[in-house]
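Right, one structure below, let's go through it.
This structure is a prediction, so every number in the text was calculated from the model and none was measured.
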Amino acid sequence: MTASSVEQLRKEGNELFKCGDYEGALAAYTQALGLGATPQDQAILHRNRAACHLKLEDYDKAETEASKAIEKDGGDVKALYRRSQALEKLGRLDQAVLDLQRCVSLEPKNKVFQEALRNIGGQIQEKVRYMSSTDAKVEQMFQILLDPEEKGTEKKQKASQNLVVLAREDAGAEKIFRSNGVQLLQRLLDTGETDLMLAALRTLVGICSEHQSRTVATLSVLGTKRVVSILGVENQAVSLAACHLLQVMFDALKEGVKKGFRGKEGAIIVDPARELKVLVSNLLELLTEAGVSGQGRNNALSLLIKTVPRKSPKDPSNSLTLWVIDQGLKRILEVGGSVQAPPGELAVTANSRMSASILLSKLFDDLKCDAERENFHRLCENYIRSWFEGPGLAGKLRAIQTVSCLLQGPCDAGNRALELSGVMESVIALCASEQEEEQLVAVEALIHAAGKAKRASFITANGVSLLKDLYKRSERDSIRIRALVGLCKLGSAGGTDFSMKQFAEGSTLKLAKQCRKWLCNDQIDAGTRRWAVEGLAYLTFDADVKEEFVEDEGALKALFQLSRSEERSVLFAVASALVNCTNSYDYEEPDPKMVELAKYAKQHVPEQHPKDKSSFVRARVKKLLAAGVVSAMTCMVKTENPVLTNSCRELLSRVFLALVEEVEDRGTVVAQGGGKALLPLALEGTDIGQTKAAQALAKLTITSNPEMTFPGERIYEVVRPLVSLLHLNCSGLQNFEALMALTNLAGISERLRQKILKEKAMPMIEGFVFEEHEMIRRAATECLCNLAMSKEVQDLFEAQGNDRLKLLVLYSGEDDELLRRAAAGGLAMLTSMRPSLCSRIPQVTTHWLEILQALLLSPNQELQHRGAVVVLNMVEASREIASTLMESEALEILSVLAKGEESPVTRAAAACLGKAVEYGLIQPNQGGE
């Protein structure tokens, strides 16, 4: 019974494999292995699993499974061949050739094995030639770079460029590594010359990329502290290059080797977790070291943001986050709580404090339970209390600045800190200080507190009069603009609800006008003008403010210029203002019955502003496009800065989707680089943000030439976001637009069709072919027909035991003309490519003849042509089918069509009749027709 079950599962797996369902086949083989199969059956099942892993491009597992099969049966030639394929893909050519030699010795006449052995032999020879030729080159390059006589020469510059290019190839990186390259690169770093340091850092990137043991060896030679210290140099280019190197090192330690040369992999046994902690520990120390540049401190924070928190909640361990909180939270708070003015303070910028807030927020979000969060709160409160309760005003300022940092990051922790005894009172008191720096710290804290609903009521009662007083009487613009933002926040507490007005009629417009005035004032520094954008981000909830803002070309131009400036902390505020102006936030029309019920129950009912109707929104979008919003947003997306958070990405995705809503605007978006900017937004960020960006990509792909919109390799990057829109959690509109876009892509090239299939879109597309909504069903059928040009899809139609062909035949007879056209086109293509399918058409439905005759009689010439091609293919495929067709009304229809005006339809009909004459089924008339 067990043996028969194993055999049955194996056969089931084989059928699934033939149909292209490799994961299903893998599951069947795995299940069979668990039923106590014999050693011989185990060998077969393991080698079949290896074949599945090869198709799924998981070459490590393919090698493992093939090795298990060989352990069971050393003469299993299929397992040996599959292992050689896996080893070749993994770059281990020396081992792959041994397996192929064994295959040839077992089956000397097998041409497949002979050809594979020749190919791999050529690859090995090429690699040997390459390696030997680069030996001398590497030595020569280092000689030139380290020669003091060659200082600043063109020869030296070329040598450094060649070294970097060589290191990008894994074989070249291995050669540099084995040629004592790390020690020589250390000497280049020690020169202190910018060009040489950059060349050394970029070469080290190539050496460490995706290679764990080389990374560990490099850190051992250079010293972790030495590498991290380069981040802190004043030269921005060198600091950024060091940041890139450290990011690559982090990735290598986390992921290990993925592909390519193994080199010394395995020769050094290390604990990656320990090496990671050493790197993180040095980064944390760098945060509070004296003499470190502001740019270096920003880069260190950026690295911690990217590497410490978990990438996904599915990862069970947040141990690195907990370790950083215990060991380094005080250092992060020290950066976030730094006040710029006093001498001796850390060199920080507004970006540094914003990055510290983002890091704190990510660490807090990565915590899994109340006990961990309580520990975070306790550490923050103890740190703030230690400064607040200390002697002197400087300590209180630092404590308040730290609270501001927390309010911008993990606001739960910030709100709790505000409730500490005396903190809020000190903030209110310091707002009246005569010292500008003290006022700035206090007012900013008040603004951040006003943005949190928990504190807004307290500040409305106690702080509005104070903020108004500061705004009217302060002689300093830096204070007035911040007080104005506080008023803006409180004034926008009702959001988009027109009925919830916080201030008197016209007050909001006055505040917005002053914000625009400050925004346009070039004499004010960017850090202060940022606050004007913050104010507008809140005030643009009001539709009257939106209308005035988009009419002000000078304000829009100033906004876009500021978004491109070094003041990166403005990005979120700019994105928020644009979301408000384009109404791209989520809004659902309330159910009229529920509105009536709410009124009856005397409940508050939100009201939409008359100027937030679609006609006004469309007009605002056009004005923003004319002002150059796409170019500004494209620059924002390119920002390599922690300030471009996932939330900020989501806002930009929402705006892009609003900009491409109208077909006539899409050309403008593409021309200004919108297509390129949408790709990273669709691949990284929040789930909602990625979906919105993917939908915008779909709209562009539907109405424009994809090869022009996404030139070069970029067109292949579009496929994955589009496939993500096919999931059932997406809306029907998103499903439809994704199918339409994929249809366009599938019609361009075989490589694109292969990319769509590789992203496992086929099962989802087939699922939509059965969708009740006629437009989605039609789009799925069109997409399926374009994909039918691929051999893999044709194999699926040809495989036994499925209804794919039946569905196309039946859809060719539906009332929906567009659906018929898509299905008939697919049928014409498949019967041309695979003549064997022609004989199966009469078997799938008894109505096949009626359906073909209806196509031939259609008034639509496209349908007629497709029907005629299907009939021609069937006639040419089989005399028996031709006989059936000639005995039916099809003969008369074809005769009439053949006499029509010259066209593809008449030619196809004439060809059908000609073939029937050739078979002897009909006779030409006296005129030879």
Quick one, Thr691 with Gln734, criterion side chain to side chain contact (heavy atoms under 4.5 Å, CB included). Give me CA distance, side-chain angles, the key distance, then yes/no.
CA-CA 9 Å; Thr691 302; Gln734 290 166 343; 3.5 Å; yes

Could you walk me through whether Glu650 and Lys692 pass the side chain to side chain contact (heavy atoms under 4.5 Å, CB included) check?
CA-CA 8 Å; Glu650 181 185 319; Lys692 299 280 185 189; 5.7 Å; no

Salt bridge (charged side-chain N to carboxylate O under 4.0 Å, His left out) evaluation trace for Asp795 with Arg834:
CA-CA 9 Å; Asp795 289 342; Arg834 296 292 171 98; 2.9 Å; yes

Begin with the C-alpha distance, continue with both residues' side-chain angles, and end with the deciding distance and a verdict on side chain to side chain contact (heavy atoms under 4.5 Å, CB included) for Asn583 and Lys546.
CA-CA 10 Å; Asn583 282 35; Lys546 299 177 200 181; 2.9 Å; yes

For side chain to side chain contact (heavy atoms under 4.5 Å, CB included), just list the numbers for Lys758 and Val719, CA-CA rounded to whole Å, side-chain angles, deciding distance to a tenth of an Å, and then say yes or no.
CA-CA 10 Å; Lys758 189 176 176 182; Val719 174; over 6 Å; no

Evaluation steps, salt bridge (charged side-chain N to carboxylate O under 4.0 Å, His left out), between Arg777 and Glu774
CA-CA 5 Å; Arg777 184 170 68 240; Glu774 62 179 22; 5.2 Å; no

Go through Arg907 and Glu902 one step at a time and tell me if the salt bridge (charged side-chain N to carboxylate O under 4.0 Å, His left out) criterion holds.
CA-CA 7 Å; Arg907 287 195 293 272; Glu902 177 68 17; 2.7 Å; yes

Check step by step if salt bridge (charged side-chain N to carboxylate O under 4.0 Å, His left out) holds for Arg840 and Glu798.
CA-CA 9 Å; Arg840 286 175 52 188; Glu798 205 168 30; over 6 Å; no

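With respect to the salt-bridge test (charged N to carboxylate O, under 4.0 angstrom), the residues Glu661 and Arg618 do not qualify. With respect to Lys11 and Glu15, no salt bridge is recorded, no charged nitrogen being found less than 4.0 Å from a carboxylate O. The pair Arg804-Glu766 meets the salt-bridge criterion, since a charged nitrogen lies less than 4.0 angstrom from a carboxylate oxygen.
Side-chain N/O atoms of Tyr29 and Asn14 include a donor and acceptor closer than 3.5 Å. In summary, the side chains of Ser832 and Asn873 do present a donor paired with an acceptor at a separation below 3.5 Å, with no hydrogens or angles considered. Judged purely by distance below 3.5 Å, without hydrogens or angles, the side chains of Glu750 and Ser790 pair a donor atom with an acceptor atom. Defined by atom type and a distance below 3.5 Å, a donor-acceptor pair is missing between the side-chain atoms of Ser878 and Ser839.
For the side-chain contact (heavy atoms from CB on, under 4.5 Å) with Leu745, the lone residue among Leu722, Asn786, Leu787 that qualifies is Leu722. Just one of Ile702, Val718, Ile756 meets the side-chain contact (heavy atoms from CB on, under 4.5 Å) condition when paired with Leu742; it is Ile756.
Between Gly732 and Ile776, the shortest heavy-atom contact is O-CD1, 3.7 Å. The two residues Glu782 and Ala822 make their nearest non-hydrogen contact at CG-CB, 3.3 Å. When every heavy atom of Val655 is checked against every heavy atom of Ala575, the shortest pair comes out as CG2-O, 4.3 Å. Smallest separation of non-hydrogen atoms from Cys783 and Ile765: SG-CD1, 3.7 Å. Taking both residues in full, the closest heavy atoms of Asn735 and Leu725 are given as ND2-O, 2.7 Å, listed atom of the first, atom of the second, then distance. Taking every heavy atom of both residues into account, Leu852 and Met874 meet most closely at CD1-SD, 3.7 Å.
Few gaps surround CG on Asn705; more than 12 heavy atoms of other groups in view lie less than 6.0 Å from it. Residue Lys55 places its NZ atom among 12 or fewer non-hydrogen atoms of other residues, nucleotides or ligands, all under 6.0 Å distant. Within 6.0 Å of atom CD in Glu889, 12 or fewer heavy atoms from other residues, nucleotides or ligands are found, so the atom counts as exposed in its surroundings. No more than 12 heavy atoms of other residues, nucleotides or ligands lie within 6.0 Å of CD in Glu892, so this atom counts as exposed by the packing criterion. Other residues, nucleotides and ligands contribute only 12 or fewer heavy atoms inside 6.0 Å of the CZ atom of Arg720. Counting non-hydrogen atoms of other residues, nucleotides and ligands closer than 6.0 Å to NZ of Lys915 gives a total above 12. Within a 6.0 Å sphere centred on NZ of Lys622, heavy atoms belonging to other residues, nucleotides or ligands number more than 12. Counting non-hydrogen atoms of neighbouring residues, nucleotides and ligands closer than 6.0 angstrom, the CD atom of Glu23 reaches no more than 12 such neighbours.
Using a distance-only test at 3.5 Å, with no hydrogens or angles considered, a donor-acceptor pair links the side chain of Gln794 to the main chain of Ala788. The backbone N or O of Arg821 sits less than 3.5 Å from a side-chain atom of Arg866, completing a donor-acceptor pair. A donor-acceptor pair under 3.5 Å is absent between the side-chain atoms of Tyr716 and the main chain of Arg751, judged by distance alone. At least one donor-acceptor pair under 3.5 Å links the side chain of His773 to the backbone N or O of Met775. Judged by distance alone, with hydrogens and angles left aside, the side-chain atoms of Ser704 form no donor-acceptor pair with the main-chain N or O of Pro706 at under 3.5 Å.
In this structure, Arg820 is not positioned above the aromatic face of Tyr811 in the sense of NZ or CZ being under 6.0 Å from the six-membered ring centre and within 45° of the axis.
Contact of the Glu817 side chain with the Asn860 side chain is registered, since non-hydrogen atoms from C-beta on lie closer than 4.5 Å. Residues Leu796 and Asn802 are not in side-chain contact: their nearest non-hydrogen atoms beyond the backbone lie 4.5 Å or more apart. The closest side-chain heavy-atom distance from Val630 to Thr668 is not below 4.5 Å. Side chains of Leu26 and Tyr22 form no contact here, defined as non-hydrogen atoms less than 4.5 Å apart. Within the 4.5 Å cutoff, the side chain of Phe616 has heavy atoms near those of the Glu547 side chain. At a threshold of 4.5 Å between non-hydrogen side-chain atoms, the residues Lys699 and Leu657 count as touching. The shortest distance between side-chain heavy atoms of Gln864 and Leu855 does not fall below 4.5 Å. By the 4.5 Å heavy-atom criterion applied to side chains, Glu737 and Thr701 are not counted as neighbours.
Between the SG atom of Cys785 and the CE atom of Met829 there is a distance of 7.0 Å, given to the nearest 0.5 Å. Rounding to the nearest 0.5 Å places NE2 of His865 at 8.0 Å from OG of Ser903. Within the model, atoms CD1 of Ile851 and OG of Ser812 stand 7.0 Å from one another, a figure rounded to the nearest 0.5 Å. The CG atom of Asp803 sits 11.0 Å away from the CZ atom of Phe797 when rounded to the nearest 0.5 Å. Separating the CD atom in Glu771 from the CZ atom in Arg778 is a distance of 13.0 Å, to the nearest 0.5 Å. Distance OG1/Thr30 to CG/Leu9: 10.0 Å, rounded to 0.5 Å.
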